[in-house]
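All values derive from a computational prediction rather than experimental measurement. Any value given below was found using the heavy atoms of this structure, including those in side chains, with hydrogens, waters and symmetry copies removed. Counting convention: from 1, in listed order, for ligands and their atoms alike.
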Amino acid sequence: MDSTIKRGRLVTLEGGEGSGKSTQVVHLARFLREQGIETVITREPGGVPFSERLRELILQEPPSSAKTEFLMFAAARTEHIAGLIQPALMDGRWVVCDRYIDSTRVYQGVLGGIDAALIKATETYTVAPFLPDLTFLLDVNPKLGLERAKARGELSRYDAADEDDHAKVRKGFLDIAASEPGRCVVIDGQEREMEIAGQIAQIVKRRFL
Ligand SMILES: Nc1ncnc2c1ncn2[C@@H]1O[C@H](COP(=O)(O)OP(=O)(O)OP(=O)(O)O)[C@@H](O)[C@H]1O
Ligand SMILES: [Mg+2]
């Protein structure tokens, strides 16, 4: 690896089900490529074959313990960083990731009850220094998000969670954004798709380009 290469940026998209993450990841990557920036799109859990297999396993056969699930997601992320995120960033490419550490904090932490100290320590030992440079939180009313996800015809185990949980998820993400305003930008995910894509592109441009 050439040490003179400038490290790429890691931008993550977060938010509840049907908030538009997977849609906006594609728009952001297109924008970055138009700026001449080599960009990799990836997602969590997953991103590399081993982690995609863990994703399938967790979704098909949810472990009985929230701790097991947390550790499996942590293992998936560790492999994802080692196999894709780290090499891309060190090579000067940018990485746009659909869900990352904040989804863990919210789903395994707020919903699953995993201790914040364990989550924090795991981030320190397995994620750092590959923490996101910038995170967009797509905030939508969970009802709207679920309607969108249903219309798309694909519901995950988490999509089936009850209303109370959806409210907790929304608040969990908003709390993170409020506590890390330098990294996180809250976007109204109820705007039109291209309006949101334009907002995200403008923010990235202002901040980094
Ligand atoms: N701004 C928008 N306005 C209306 N519909 C949208 C908007 N953004 C995305 N959609 C549509 O809503 C559905 C869900 O969007 P998308 O799959 O991007 O959400 P997601 O956050 O990735 O969801 P999940 O958490 O389930 O993966 C898709 O059918 C998509 O085309
Ligand atoms: Mg998605």
Trainee: For the CG atom of L138 and the CD atom of Q190, what is their distance to the nearest 0.5 Å?
Mentor: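 Here the interatomic distance stands at 11.0 Å.
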Trainee: Would one find more than 12 heavy atoms of other residues, nucleotides or ligands at under 6.0 Å from atom CZ of R33?
Mentor: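 Enclosed: over 12 neighbouring heavy atoms sit under 6.0 Å from CZ of R33.
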Trainee: Measure the CG-CD1 distance between L137 and I176 for me, rounded to the nearest 0.5 Å.
Mentor: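 With rounding to 0.5 Å, CG (L137) is 8.5 Å from CD1 (I176).
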Trainee: If we only count heavy atoms from C-beta on, is the R55 to E52 side-chain gap below 4.5 Å?
Mentor: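 Side chain of R55 against side chain of E52, heavy atoms only: contact under 4.5 Å found.
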Trainee: Side chains of Y100 and I81: closer than 4.5 Å at any heavy-atom pair?
Mentor: yes
Trainee: Should the heavy atoms of other residues, nucleotides or ligands under 6.0 Å from CD of E61 be counted, would the total exceed 12?
Mentor: no
Trainee: Distance under 4.0 Å to a non-hydrogen atom of R152: what atoms of ligand 1 satisfy this?
Mentor: 14 (C), 16 (P), 17 (O), 19 (O), 23 (O), 24 (P), 26 (O), 27 (O), 29 (O)
Trainee: Counting only N and O atoms by type, is there a donor-acceptor contact under 3.5 Å from the side chain of D162 to the main-chain atoms of D164?
Mentor: yes
Trainee: Distance under 4.0 Å to a non-hydrogen atom of R192: what atoms of ligand 1 satisfy this?
Mentor: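 Heavy-atom distances to R192 below 4.0 Å select 1 (N).
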Trainee: What distance do F70 atom CZ and T122 atom OG1 have between them, rounded to the nearest 0.5 Å?
Mentor: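 Here the interatomic distance stands at 3.5 Å.
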Trainee: Judged by non-hydrogen atoms, does A149 sit under 4.0 Å from ligand 1?
Mentor: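 Not so, A149 does not reach ligand 1.
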Trainee: Can an N or O of D98 be found at a distance shorter than 3.5 Å from an N or O of ligand 1?
Mentor: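 No, since none of the N or O atoms of D98 sits under 3.5 Å from an N or O of ligand 1.
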Trainee: Inspect the contact between E193 and R148 and indicate whether a charged nitrogen and a carboxylate oxygen are less than 4.0 angstrom apart.
Mentor: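 The answer is no: the pair does not qualify as a salt bridge.
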Trainee: Under 4.0 Å from any heavy atom of G16, which atoms of ligand 1 are there?
Mentor: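 Numbered from 1, ligand 1 contributes 21 (O), 25 (O).
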Trainee: With 2.8 Å as the threshold, which protein atoms of type N, O or S lie near the Mg ion (ligand 2)? Leave waters out.
Mentor: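 Within the sphere that stays under 2.8 Å of the Mg ion (ligand 2), the protein atoms of type N, O or S are S22 OG.
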Trainee: Measure from the side-chain N and O atoms of K21 to the backbone N and O of G15, and report whether any donor-acceptor pair falls under 3.5 Å.
Mentor: yes
Trainee: Would you say T135 and R183 are linked by a side-chain donor-acceptor pair, where the criterion is simply a distance under 3.5 Å?
Mentor: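 On atom types as modelled, these side chains qualify, holding a pair under 3.5 Å.
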Trainee: Taking the minimum heavy-atom distance to atom 2 (C) of ligand 1, which of E14, Q190, E147, R148 ranks first?
Mentor: R148
Trainee: Between I196 and ligand 1, which residue portion shows a heavy-atom distance shorter than 4.0 Å: side chain, backbone, both, or neither?
Mentor: side chain
Trainee: May I ask you to list the atoms of ligand 1 that are less than 4.0 angstrom from any heavy atom of R99?
Mentor: 25 (O)
Trainee: Ligand 1 and G18, any nitrogen or oxygen pair closer than 3.5 angstrom?
Mentor: yes
Trainee: Run the numbers for me: atoms of ligand 1, each under 4.0 Å from some heavy atom of E193, listed by number.
Mentor: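 Under 4.0 Å from E193, ligand 1 has these atoms: 1 (N), 2 (C).
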Trainee: Counting only heavy atoms, which portion of S22 has something under 4.0 Å from ligand 1: side chain, backbone, both, or neither?
Mentor: both
Trainee: Heavy-atom pairs closer than 4.0 Å: do any link ligand 1 to the side chain of Q24, the backbone, both, or neither?
Mentor: neither
Trainee: Return yes if a side-chain donor-acceptor contact under 3.5 Å exists between R30 and H27, otherwise no.
Mentor: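 The criterion, which ignores hydrogens and geometry beyond distance, is satisfied for H27 and R30.
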Trainee: As an exercise, identify every atom of ligand 1 less than 4.0 angstrom from a heavy atom of T23.
Mentor: 9 (C), 15 (O), 16 (P), 18 (O), 30 (C)
